[in-house]
Amino acid sequence: MTHVLHRRIGQAYPVATSGRGVFIRDSAGKDYIDASGGAAVSCLGHSHPDVLAAMHAQLDRLAYAHTSFFTTEAAEELADDLVAHAPDGISRVVFVSGGSEAIEAALKLARQYFVERGEIQRRIVVARRQSYHGITLGALAVGGRPLQRAPFEPLLIQAHHVSPVYEYRERRADETPQTYGERLAQELEDKIAALGGENVIAFVAETVVGATLGAVPAVPGYFQRVRDICDHHGILLILDEVMCGMGRTGTLYACEQEGISPDLITIAKGLSGGYAPIGAVLMQSKIFKAIADGSGVFQHSHTFMGHALACTATLAVQRVIRRDNLLANVRAQAAHLARRLNERFGNHSFVGDVRGRGLFQAVELVSDRSTKQPFDPALKLNARVKSEAMARGLMVYPMGGTVDGTRGDHVLLAPPFIVDAPILDSIVERLGEAIEAATAQLVVR
Ligand SMILES: Cc1ncc(COP(=O)(O)O)c(C=O)c1O
């Protein structure tokens, strides 16, 4: 009997006891390839000696000091490091303890920015359908997953949603990727016009959509148009790079590949690679300045923000990524993974699409390739794939509701940046077996 309220009550979870490199071992001695980095968290793999050494040294000095009394070298150095490598104009960092907290802080920073400027009528956030920004009430409100929002709807702040970029299903046959992106940008423009541009605080989007759609990048030009629209109305652009940021797509920030710089960026997950719970919000100078020249206090704090041990672990992770030139490995291995996935699933009867960017790739499962018909959600194909993969010693990150929040299944892969070609080959082979086994159960039914 467990006293932990697990994610799924009644489900038996293997007990993870150790990890090394791309593998996690359970209490029965079975090894799993961490092909999803948990939930796109692990970037250096497990038990990296340099990160452990830095953490041990910090622990021997000081684990934690409350930020109302002190700053720490760890927090200062990490903030310097993040700002030095951030997109143009970013000058300050707020530390929190995870992705949802980062989104909450970004939303409040955006609102406070306008309060400081006297634009207190701005209170609406626009975001996109089929997005995930976290589980706390503010993050849930801007997120676009109907089933997750439904029970809590009466508690949520006002947010409006426009279409995501989802080329596989939503680009019309008569559109090019560019004209499709134009249509979506126009939809955003129309939404803002309907709400009144002077009432909107921010537009929030995942630069590459992660868990909800399964590694879906934008079409060329889309984010540049979004940036222009936000600028035109004085609306802040918040890019949520909690999942896709910090090297996952082959550049440190996913937005580097879009040629834009947002007003606020949220990061977490791969930021520390799982060595400590941490998240952060990076802000443009103008946001810092409005608060510094105004009330002088960002009205938002947490007990564990800027935790010294978490900052040290994170700094160590970021330094190893640079020292070992791991983003080059992300790009090289991404090409190998894409090639292998396309060879294995490019003509598979139950795989409609193979997509992604960097070591952030996914396959979308369909019951009919030609019509893109998804499987009946009652069959819970994504859960079957996950358990078949676990049985084969493979961690992947499948999700349902890909199409509209209810229908559709995909499997997300996000292996650590240290991965090599032979491991990727094993991942694709085991994933293939898991999908065959899971779909065979359905065909027999
Ligand atoms: C894009 C995105 N934003 C925010 C979050 C929330 O992060 P956390 O689970 O650390 O609260 C997630 C988590 O999956 C995410 O993928």
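All figures in this text were calculated on a predicted structure; none of them were measured in a lab. We count ligands from 1, going down the list as the structure has it; atoms in each ligand are counted the same way. The chain is numbered in sequence order, starting from 1.
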Strictly under 6.0 Å, is that where the ring centroids of Phe304 and Tyr64 end up? yes
Report yes or no: is the cationic atom of Arg145 (NZ for Lys, CZ for Arg) closer than 6.0 Å to the six-membered ring centre of Tyr132, at no more than 45° off its axis? yes
Looking only at the aromatic ring of each residue, does the gap between the centers of His46 and Phe23 stay below 6.0 angstrom? no
Tyr180 six-ring face occupied by Arg171 cation (under 6.0 Å, within 45°): no
Angle class for the Phe69/His66 ring planes (parallel below 30°, perpendicular above 60°, tilted otherwise)? perpendicular
Which protein residues come within less than 4.0 angstrom of ligand 1, counting heavy atoms only? Gly98, Gly99, Ser100, Tyr132, His133, Gly134, Glu206, Asp240, Val242, Met243, Lys269
Step-by-step side-chain contact (heavy atoms from CB on, under 4.5 Å) determination, Arg323 to Gln318: CA-CA 9 Å; Arg323 184 197 66 196; Gln318 295 306 316; over 6 Å; no
